[in-house]
Amino acid sequence: MSSSNIPHLVLQSSSNHQKMPVIGFGTASTSSTIDTKEAVLEAIKSGYRHFDTAAIYGSEQPLGEAIAEALQLGLIASRDELFITSKLWCTDNFPHLVLPALQKTLQCMKLEYVDLYLIHWPISVNPGIWGFPFPEEALSSFDSKGVWQAMEECQKQGLTKLIGVSNFSCHKLENLLSFATIPPSVNQIELNPTWQQKKLREFCEKKGIVVTAYSPLGSGSFWGSNGVMDNELLRQIAEAHGKSVAQVSLRWLYELGVTAVVKSYNNERMKQNLEIFDWSLTKDDYEKIDEIKQSRIFSIGPEDIWDEEN
């Protein structure tokens with residue numbers, strides 16, 4: 001698919017109205033950096049222009065190398081054709097560490113700016129090597145106001161075009177919006193037919209915050225579940241349309257007005273995940289999807305991080 005065929009969403013809360021491709025390519029992976037670099041190059045050839053990384057993924061450097069090679073090969077004419085998202089990790093979630101963390105990310109990718117920089121989780125974690133989910137003793141007090149002011153400073157300095165958050169509940173967004181000078185453009189959250197987050201989606205829509213779905217197919221690099229891919233109702237819908245379960249899930253997200261970050265290093269599936277724009281789900285399909293039993297896949301720390309069920 002040509003990159004020009006992938007629809008874009010305008011990020012309303014930004015003063016400069018950046019456009020974000022509705023499907024992004026995820027790089028959270030346990031694969032080697034060589035695999036990641038090759039996968040990104042293949043994704044660019046397939047038409048992907050939105051790439052999602054994070055300090056914790058270990059994929060910033062291979063992503064940067066792939067971008068440099070894509071330019072060299074003429075796969076893209078300019079870095080500006082790409083939309084790059086990265087994220088601030090919990091151990092850097094302190095006001096004085098935000099700017100250095102983003103500078104390190106840019107250095108890793110050999111880029112002058114990212115398009116979107118997100119607070120990865122609404123928690124601050126003390127230095128150290130901690131397992132998931134984080135134990136209580138790993139957590140430090142999260143100065144959301146101080147951290148957000150530092151994020152705003154990153155945008156003002158041109159190191160990122162937009163700023164946003166990830167894994168923020170309605171309550172945490174409400175708090176952030178009470179003092180933000182620059183509101184968050186995006187909230188990236190776990191979202192798929194088995195964890196539909198209706199209340200949080202509606203809240204974000206009301207506030208002009210674009211939702212990006214991670215684990216749109218119900219799995220991730222450090223955790224995973226086959227709840228989406230093995231779901232009988234989704235299988236029935238896929239069969240009726242002559243599509244895959246992955247395509248049905250991604251189409252459902254697209255019709256909700258949500259953007260998605262999907263990861264597959266398999267060339268064929270990579271292409272299939274973009275083939276969702278020339279067909280539609282029916283009313284009957286929606287009724288089936290509404291019946292799917294709901295469960296969250298991933299938690300990073302104590303349950304009260306979430307504040308409430310969304």
Side-chain angles (χ1 to χ4, degrees), residues 18 20 24-37 39-41 50-71 79-80 82-132 134 138-168 182 184-186 188 212 214 220-222 261 263 300-301:
Q18 291 290 121
M20 177 164 85
F25 187 81
T27 62
S29 173
T30 48
S31 301
S32 73
T33 56
I34 296 163
D35 289 345
T36 298
K37 182 185 167 185
V40 169
L41 280 168
H50 173 187
F51 291 88
D52 182 271
T53 184
I56 194 68
Y57 297 165
S59 60
E60 289 179 330
Q61 189 181 331
L63 174 57
E65 287 169 3
I67 293 167
E69 196 165 317
L71 283 163
R79 179 265 177 262
D80 297 348
L82 302 177
F83 189 101
I84 308 295
T85 299
S86 193
K87 309 178 196 81
L88 176 76
W89 187 237
C90 307
T91 47
D92 288 319
N93 220 354
F94 298 89
H96 67 291
L97 296 179
V98 175
L99 190 60
L102 178 51
Q103 286 166 332
K104 189 179 173 191
T105 278
L106 293 173
Q107 214 175 349
C108 259
M109 291 197 275
K110 295 189 165 55
L111 295 179
E112 288 175 14
Y113 68 92
V114 289
D115 296 273
L116 178 63
Y117 196 49
L118 306 176
I119 297 175
H120 208 150
W121 287 87
I123 54 173
S124 298
V125 171
N126 295 315
I129 297 162
W130 306 101
F132 294 126
F134 290 128
L139 303 181
S140 183
S141 159
F142 174 46
D143 174 6
S144 54
K145 190 172 185 180
V147 167
W148 192 252
Q149 281 172 342
M151 293 285 285
E152 291 180 340
E153 186 53 36
C154 290
Q155 182 169 327
K156 286 171 190 162
Q157 288 193 25
L159 302 178
T160 181
K161 290 192 172 180
L162 302 161
I163 50 177
V165 296
S166 182
N167 301 299
F168 270 55
I182 302 171
S185 292
V186 167
Q188 187 178 124
T212 297
Y214 71 76
S221 60
F222 310 112
V261 167
K263 184 188 73 69
I300 196 169

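Below, each value reflects all heavy atoms present in this structure, side chains not excepted, and no hydrogens, waters or symmetry copies.
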Asker: Can you give me the closest heavy-atom contact between A150 and P95, atom names plus distance?
Answerer: CB-O, 3.5 Å
Asker: Please name the residue in the list I163, T85, N167, V165 that meets the side chain to side chain contact (heavy atoms under 4.5 Å, CB included) test with L118.
Answerer: T85
Asker: Pairs of donor and acceptor atoms involving the side chains of residues 125-132, under 3.5 Å and at least two apart or interchain, shall be tabulated with distances.
Answerer:
residue: N126; atom: ND2; partner: E137; partner atom: O; Å: 3.4
residue: N126; atom: ND2; partner: A138; partner atom: O; Å: 3.2
residue: W130; atom: NE1; partner: N126; partner atom: O; Å: 2.9

Asker: In Å and rounded to the nearest 0.5 Å, what is the NZ to CD distance from K37 to E65?
Answerer: 5.5 Å
Asker: So, for C90 and W121, which heavy atoms are closest and what is the spacing to 0.1 Å?
Answerer: SG-CB, 3.8 Å
Asker: Among residues at least two apart in sequence or on other chains, which ones pass side chain to side chain donor-acceptor pair (under 3.5 Å) with Q149?
Answerer: none
Asker: Measure the shortest side-chain to side-chain distance between V98 and C154 over non-hydrogen atoms and say whether it is less than 4.5 angstrom.
Answerer: yes
Asker: List for me each residue that meets side chain to side chain donor-acceptor pair (under 3.5 Å) alongside S144, sequence neighbours excluded, and say none if there are none.
Answerer: N175
Asker: Taking only residues at least two apart or on different chains, which pairs with a member in residues 104-114 satisfy salt bridge (Lys or Arg N to Asp or Glu O under 4.0 Å)?
Answerer: none
Asker: Okay, side chain of K87, backbone of T53: is any donor-acceptor separation there less than 3.5 Å?
Answerer: yes
Asker: Are any non-hydrogen side-chain atoms of S140 and F94 less than 4.5 angstrom apart?
Answerer: yes
Asker: Run the side chain to side chain donor-acceptor pair (under 3.5 Å) test against T160 and tell me which residues pass, sequence neighbours left out.
Answerer: none
Asker: Would you say that T212 contacts M20 through its side chain, given a criterion of any heavy-atom pair below 4.5 Å between the two side chains?
Answerer: yes
Asker: Closest approach of F134 and I123, non-hydrogen atoms and distance?
Answerer: CD1-CD1, 3.7 Å
Asker: I'd like to check Y57 versus H120 (side-chain heavy atoms, cut-off strictly below 4.5 Å). Are they in contact?
Answerer: yes
Asker: For a 4.5 angstrom cut-off between non-hydrogen side-chain atoms, does T105 reach L159?
Answerer: no
Asker: My understanding is that only residues two or more places apart in sequence, or in another chain, count here; which of them pass ring pair (Phe, Tyr, Trp, His ring centres under 6.0 Å) with Y113?
Answerer: none
Asker: If you look at every heavy atom in W148 and G164, which pair is closest and at what distance?
Answerer: CZ3-O, 3.6 Å
Asker: Can you tell me how far the CG atom of L116 sits from the OG atom of S166, to the nearest 0.5 Å?
Answerer: 10.0 Å
Asker: Take T27 and T36, measure what side-chain hydrogen bond (donor to acceptor under 3.5 Å, both in side chains) needs, and give me the verdict at the end.
Answerer: CA-CA 7 Å; T27 62; T36 298; over 6 Å; no
Asker: With sequence neighbours excluded, tell me which residues meet ring pair (Phe, Tyr, Trp, His ring centres under 6.0 Å) with Y117.
Answerer: none
Asker: Going from CG on L88 to CD1 on I56, what distance comes out if it is rounded to the nearest 0.5 angstrom?
Answerer: 11.0 Å
Asker: Using the test salt bridge (charged side-chain N to carboxylate O under 4.0 Å, His left out), find all partners of E152 that sit at least two apart in sequence or belong to another chain.
Answerer: none
Asker: Please report the interatomic distance CZ(F25) to NE2(H50), rounded to the nearest 0.5 Å.
Answerer: 12.0 Å
Asker: Checking N93 side chain against I119 main chain: does a donor-acceptor pair fall under 3.5 Å?
Answerer: no
Asker: Mind checking what makes salt bridge (charged side-chain N to carboxylate O under 4.0 Å, His left out) contact with D92, not counting sequence neighbours?
Answerer: none
Asker: List in chain and number order the residues that pass side chain to side chain contact (heavy atoms under 4.5 Å, CB included) with E153, two or more places apart in sequence or in another chain; answer none if no residue qualifies.
Answerer: K156, Q157
Asker: To the nearest 0.5 Å, what is the distance between CD1 on I182 and CD on Q155?
Answerer: 4.0 Å
Asker: Minimum heavy-atom separation for S86 and E60, please, with both atom names.
Answerer: OG-OE2, 2.6 Å
Asker: List for me each residue that meets side chain to side chain donor-acceptor pair (under 3.5 Å) alongside Q103, sequence neighbours excluded, and say none if there are none.
Answerer: none
Asker: The criterion is side chain to side chain contact (heavy atoms under 4.5 Å, CB included); which residues satisfy it with L111, sequence neighbours excluded?
Answerer: I67, R79, I84, L106, M109
